[in-house]
Amino acid sequence: MSEAIKRRRGTDAEHSTFVGLEGEFTFNTTTKRIHAHDAVTPGGIPAARLDEVGGGSASELVEAVKTDDYTLTVDDAGIVITANKATTITFALPAVGASNAEAYLVYNAGAGTLVIDPNASEQIEGASSISLLTGESARIWPNEAKTLWRATVWMATNKNDVIAALFATPKTIKSANFALSNDGGGKALFDTSAIAAGQSRSIKLPDRDTAIGRTLLRITTFTASGTWTPHPDAKMVCFAAQGAGGGGGGVAAAGTGVGGGAGGGGGGYQERWLVSGWGATEPITVGAMGSGGIGGGAPTAGGDSSVGTLCVGKGGGAGASGTTRVTGNQRAAGPGGDGGGGTGTGGVSAGMDIVIPGDGGRVGVLFGTGLTALSGEGGGSALGSGGRQVTEGGSSGNIGQNGTGYGGGGSGASNASANAYNGGNGAPGIVIITEWS
């Protein structure tokens, strides 16, 4: 007479806390699965049933098709749950805290939107729900703390692609709470026109160190004029142009009197972001620094910096030299140089995303009855500082200070002697181009 051997058995709830002996097998009366135990893991390691894995190949992956709203259960883990409905259909998730770390695979084969809806107020990827369009699939699993659901989403054409995409290199996934849309520049992030049957296209997951989810390709800095050739993979470009600073005013020989020159204006900074519209090459012009006035001679304005006609940072205006005799031999300067991109030199270029006009230069001043002269300070810029003010040394004078960084205006000179003093030079401009894929 044959004998029957019965293994220890219990429900799924009983298995969740049961630690079996090493090498022991138990039977789950709820899921109809065998659990292998290692004397450590509560519940052991459950084995999948044959009807859950087919013959073990992707082509035999089990699929359950749902044509109406459905709530996922533990028995749905490891198989593809396919939605096939002409209108919106919702798959509800169980409470994440009660999960045993199941991973669900879902696929939308219908014309309607598939909505993945967490339990109560729980969230999935920081949102109250996610939506899958026709042909999109998702892998859904709880985070380690079992406080929210995580997900990745990709395109698939059938149940086999759901598994194949998980192991493909690279994975064709996108951030789960990211809806396919235009990037604001009229170019589709997901080009469905190029997708043939059985194929898929990738969208990169946003990276913490990239701008708006794009990959930084390179940053090119121009401190001299030249030519820019775009990176072949560039899809978004930021053009930044800083105009040069204007030169500060000098002071002519004052004899026994005093005089102060005005400061040069700071260069303007302008920035433009584009997703198209640049040429195969673009000419780069880096604004030359404005020269300080030689004695009573006129200083020069700072040059404009530009990327073709795409982006122009205006140069700062020149400060006035101290040439006009006020009383006796005292010489005072006129107004300081206009800031680049302000109401004076050049104005503002149209179509810019960021415009920071340069500061205007300060006027040179006289104190008392020909006793003290103070030059005008150079105007600052977005990327530089103006030259500081200088005063005459009692019976001598001081040359103006140069602008610093990029685009700072030079300060004026001061004088209390029979010698002429030169104004400070403005700082040169710069062009910075940043490219993303």
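When reading the values below, keep in mind they use all heavy atoms of this one structure, side chains included, and skip hydrogens, waters and symmetry mates. Position 1 is the first residue of the sequence, and the numbers go up from there.
- A donor-acceptor contact shorter than 3.5 Å links the side chain of T29 to the backbone of G10.
- Under the 4.5 Å side-chain criterion, counting only non-hydrogen atoms from C-beta, E125 is in contact with R150.
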Determine, stepwise, if the pair I432 / T220 fulfils side-chain contact (heavy atoms from CB on, under 4.5 Å).
CA-CA 6 Å; I432 303 171; T220 307; over 6 Å; no
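- Here the side chains of N28 and T11 are not in contact, with every heavy-atom distance at 4.5 Å or above.
- Between the side chain of S225 and the backbone N or O of V286 there is at least one donor-acceptor pair closer than 3.5 Å.
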Checking Q242 against S381 for the side-chain contact (heavy atoms from CB on, under 4.5 Å) test, could you report, in this order, the C-alpha distance in whole Å, the side-chain angles of both residues, the deciding distance, and whether it holds?
CA-CA 8 Å; Q242 171 66 64; S381 71; 3.5 Å; yes
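- For N402 (side chain) and N425 (main-chain N/O), a donor-acceptor pair under 3.5 Å exists by modelled atom type.
- Note that the OG atom of S385 and the CD atom of Q401 stand 13.0 Å from one another [nearest 0.5 Å].
- Looking at L93 and D117, their side chains never come closer than 4.5 Å, going by heavy atoms from C-beta outward.
- Just one of W228, W273, Y269 meets the ring-ring contact (aromatic ring centres under 6.0 Å, His included) condition when paired with F239; it is W228.
- R362 contributes a side-chain N or O that, together with a main-chain N or O of G360, makes up a donor-acceptor pair within less than 3.5 Å.
- Listed by chain and number, the residues in a side chain to side chain contact (heavy atoms under 4.5 Å, CB included) with A109 are T82, Y107 (sequence neighbours excluded).
- Side-chain contact of T147 with N143: a donor-acceptor pair under 3.5 Å is present, judged by distance alone.
- Considering only heavy atoms from C-beta on, D233 comes within 4.5 Å of L217 through its side chain.
- Nearest approach of G308 to E282, heavy atoms of both residues: CA-OE1, 3.9 Å.
- Contact between S131 and E136 at its shortest, heavy atoms only, is O-OE1, 4.0 Å.
- A donor-acceptor contact shorter than 3.5 Å is absent between the side chain of S291 and the backbone of P299.
- A salt bridge links D304 to K314: one of the charged nitrogens lies within less than 4.0 Å of a carboxylate oxygen.
- One distance of note links OG1 of T113 with CD1 of I89; it measures 11.0 Å at 0.5 Å rounding.
- When all heavy atoms of I140 and A151 are compared, the closest pair comes out as CG1-CB, 4.2 Å.
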As a quick check of understanding, evaluate ring pair (Phe, Tyr, Trp, His ring centres under 6.0 Å) for F18 and H37, giving each step before the final call.
CA-CA 9 Å; F18 175 71; H37 296 273; 5.3 Å; yes
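- By the 4.5 Å heavy-atom criterion applied to side chains, L274 and L310 are counted as neighbours.
- Formation of a donor-acceptor pair under 3.5 Å by the E122 side chain with backbone atoms of V96 is found in this model.
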Worked verdict on L72 versus I81 for side-chain contact (heavy atoms from CB on, under 4.5 Å)
CA-CA 9 Å; L72 296 169; I81 308 299; 3.9 Å; yes
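- The two residues E377 and S411 make their nearest non-hydrogen contact at CA-CB, 4.2 Å.
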Tell me, with the steps shown, if C238 and E271 meet side-chain contact (heavy atoms from CB on, under 4.5 Å).
CA-CA 7 Å; C238 172; E271 190 173 295; 3.5 Å; yes
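- Not a single donor-acceptor pair under 3.5 Å links the side chain of T227 to the backbone N or O of P283.
- Checking side-chain atoms of N422 against main-chain N and O of G295 turns up a donor-acceptor pair under 3.5 Å.
- No donor-acceptor distance shorter than 3.5 angstrom exists from the side chain of N108 to the backbone of G135, with no hydrogens or angles considered.
- Listed here is the closest heavy atom pair of F91 and A83: CZ-CB, 3.7 Å.
- The two atoms that bring G287 and A244 nearest to each other are O-CB, 3.5 Å, heavy atoms only.
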